[in-house]
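For reference, positions follow the sequence shown, starting with 1. Because only heavy atoms are used, hydrogens play no part in the values below, and waters and symmetry mates are left out as well, while side chains stay in.
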Amino acid sequence: MTRGDPVGASGLEELYPFLYSGASDVEAVLTQVRQSTVDKTREIIELRASVLESDGERLYACARDLARAFARGGRLLAFGNGGSSTDAQDLASLFLSPAGDARPLPAFGLTNDIAVVTALSNDIGFDVVFARQVAAFGRAGDIAIGLSTSGNSANLLAAFDEAARRGLVTVGIAGYDGGRMAELDSIDHLFVVPSPSVHRIQEAQTTLYHALWELTLGALDDLQGQQP
């Protein structure tokens, strides 16, 4: 089940079995709810730590590439489907309109313009909805970041191939085992959140791209400090 799936009684029962156990002991139910919350919190903490251990150095390397791209006038194009579309929009807004005194950087979400998305989907096909926008807007030296929980979205694969052909820096953020994204030669930096849970994957991916944003700002400051 993903964020876009309808949640029926059977789905809720799978997620929260203690609410459908027929128990009338309110305190017992609350105890189970608390334990469920603790277990899920432990899962995401351990998953985030695992991603940091496996990908920490590669995150630094990716941030340096992004910083160099921004320093040369590059722009960021972010895209994804369903819940990952929301995350892509959040990622773009994080770079473009950060809180506080952080430096704004040019970034765009490729699902923001619903007229463009529906026109491409209706007239040509959903598989090219991101690739066609990358072809129209992307320039050599720009950045393409695609997010997917499965790593198998055909429209992301096509967008990465188009971005690589045009000389963009490409970053993939996937879940499970990376899916078909892990097989692409067109992704410069791929980060995989290894979990069977869509919910934990998306939570960890959010942490990952926030860390990438902070590291990119730091790398930009370092570049500016090196200038004569």
Side-chain angles (χ1 to χ4, degrees), residues 1-5 7 10-21 23 27-66 78-95 98-99 102 145-153 156-157 160 170-184 187-219:
M1 184 177 65
T2 66
R3 285 192 222 174
D5 293 333
V7 180
S10 60
L12 287 174
E13 185 173 357
E14 182 180 346
L15 285 173
Y16 308 105
F18 44 80
L19 296 179
Y20 293 83
S21 64
E27 187 56 40
V29 171
L30 291 176
T31 298
Q32 293 180 65
V33 170
R34 283 191 292 269
Q35 187 59 51
S36 175
T37 302
V38 169
D39 291 343
K40 290 173 182 176
T41 301
R42 183 182 298 113
E43 284 178 23
I44 187 56
I45 290 173
E46 292 175 353
L47 183 58
R48 286 168 174 151
S50 172
V51 171
L52 173 62
E53 181 178 357
S54 63
D55 291 340
E57 289 301 320
R58 295 196 307 109
L59 273 169
Y60 276 108
C62 180
R64 289 192 291 270
D65 279 356
L66 267 57
F79 45 92
N81 298 289
S84 296
S85 169
T86 302
D87 288 337
Q89 291 173 325
D90 180 47
L91 186 158
S93 66
L94 184 64
F95 278 85
I145 300 183
L147 299 98
S148 170
T149 53
S150 69
N152 294 321
S153 301
L156 264 72
L157 304 177
F160 282 125
T170 53
V171 182
I173 302 176
Y176 297 102
D177 61 356
R180 293 174 61 193
M181 284 171 59
E183 302 171 3
L184 290 184
I187 299 180
D188 298 318
H189 302 276
L190 176 64
F191 301 99
V192 178
V193 176
S195 171
S197 167
V198 171
H199 309 87
R200 303 295 87 77
I201 289 170
Q202 290 178 319
E203 289 166 356
Q205 286 181 336
T206 301
T207 302
L208 192 153
Y209 67 71
H210 274 77
L212 185 59
W213 166 69
E214 291 189 27
L215 292 172
T216 300
L217 292 183

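Classification of Glu183 and Arg180 as a salt-bridged pair fails, no side-chain N sitting under 4.0 Å from a carboxylate O.
Inter-residue side-chain proximity for Leu66 and Val171 is flagged as met; some heavy-atom pair is nearer than 4.5 Å. For the pair Ser85/Leu147, no side-chain contact is recorded, criterion being any heavy-atom separation below 4.5 Å from C-beta on. The shortest distance between side-chain heavy atoms of Leu212 and Leu91 does not fall below 4.5 Å. Residues Thr216 and Phe95 have side chains in contact (heavy-atom distance under 4.5 Å, counting atoms from C-beta outward). Taking the side chain as every heavy atom from C-beta outward, Asp65 and Asp188 never approach each other to under 4.5 Å. Contact annotation: the side chain of Tyr209 approaches that of Asp90 to within less than 4.5 Å [non-hydrogen atoms, C-beta and beyond].
In terms of the side chain to side chain contact (heavy atoms under 4.5 Å, CB included) criterion, residue partners of Ala102 (sequence neighbours excluded) are, by chain and number, Pro98, Trp213, Leu217. The side chain to side chain contact (heavy atoms under 4.5 Å, CB included) search around Leu184 returns Leu157, Phe160, Asp161, Ser186, Ile187, not counting sequence neighbours. Take Thr207 and apply the side chain to side chain donor-acceptor pair (under 3.5 Å) test, not counting sequence neighbours, and it matches Arg48. Partners of Ser197 according to the side chain to side chain donor-acceptor pair (under 3.5 Å) rule, which considers only residues two or more places apart in sequence or in another chain, do not exist here. Looking at residues two or more places apart in sequence or on another chain, you find a side chain to side chain contact (heavy atoms under 4.5 Å, CB included) between Ala219 and Arg64, Ala67. Residues passing the side chain to side chain contact (heavy atoms under 4.5 Å, CB included) test with Leu215, sequence neighbours excluded: Leu59, Tyr60, Ala63.
We find the CD-CD distance between Glu203 and Glu43 to be 9.0 Å, quoted to the nearest 0.5 Å. Here Glu46 contributes atom CD and Thr41 contributes atom OG1; the two are 11.0 Å apart, rounded to the nearest 0.5 Å. A distance of 11.5 Å separates CG in Leu94 from CG in Asp87, rounded to the nearest 0.5 Å. Within the model, atoms OH of Tyr176 and CD1 of Ile201 stand 4.5 Å from one another, a figure rounded to the nearest 0.5 Å. Rounding to the nearest 0.5 Å gives a distance of 8.0 Å between SG of Cys62 and CD1 of Ile173.
Between Leu47 and Ser195, the shortest heavy-atom distance links the atoms CD2-CB, 3.8 Å. Summarising the geometry of Ile44 relative to Ala204, their closest heavy-atom pair is CD1-N, 3.6 Å, with the distance given to 0.1 Å.
At distances below 3.5 Å, not a single donor-acceptor pair connects side-chain atoms of Ser148 with backbone N or O atoms of Ala174. Proximity of a side-chain donor or acceptor of Thr206 to a complementary backbone N or O of Gln202 within less than 3.5 Å is detected.
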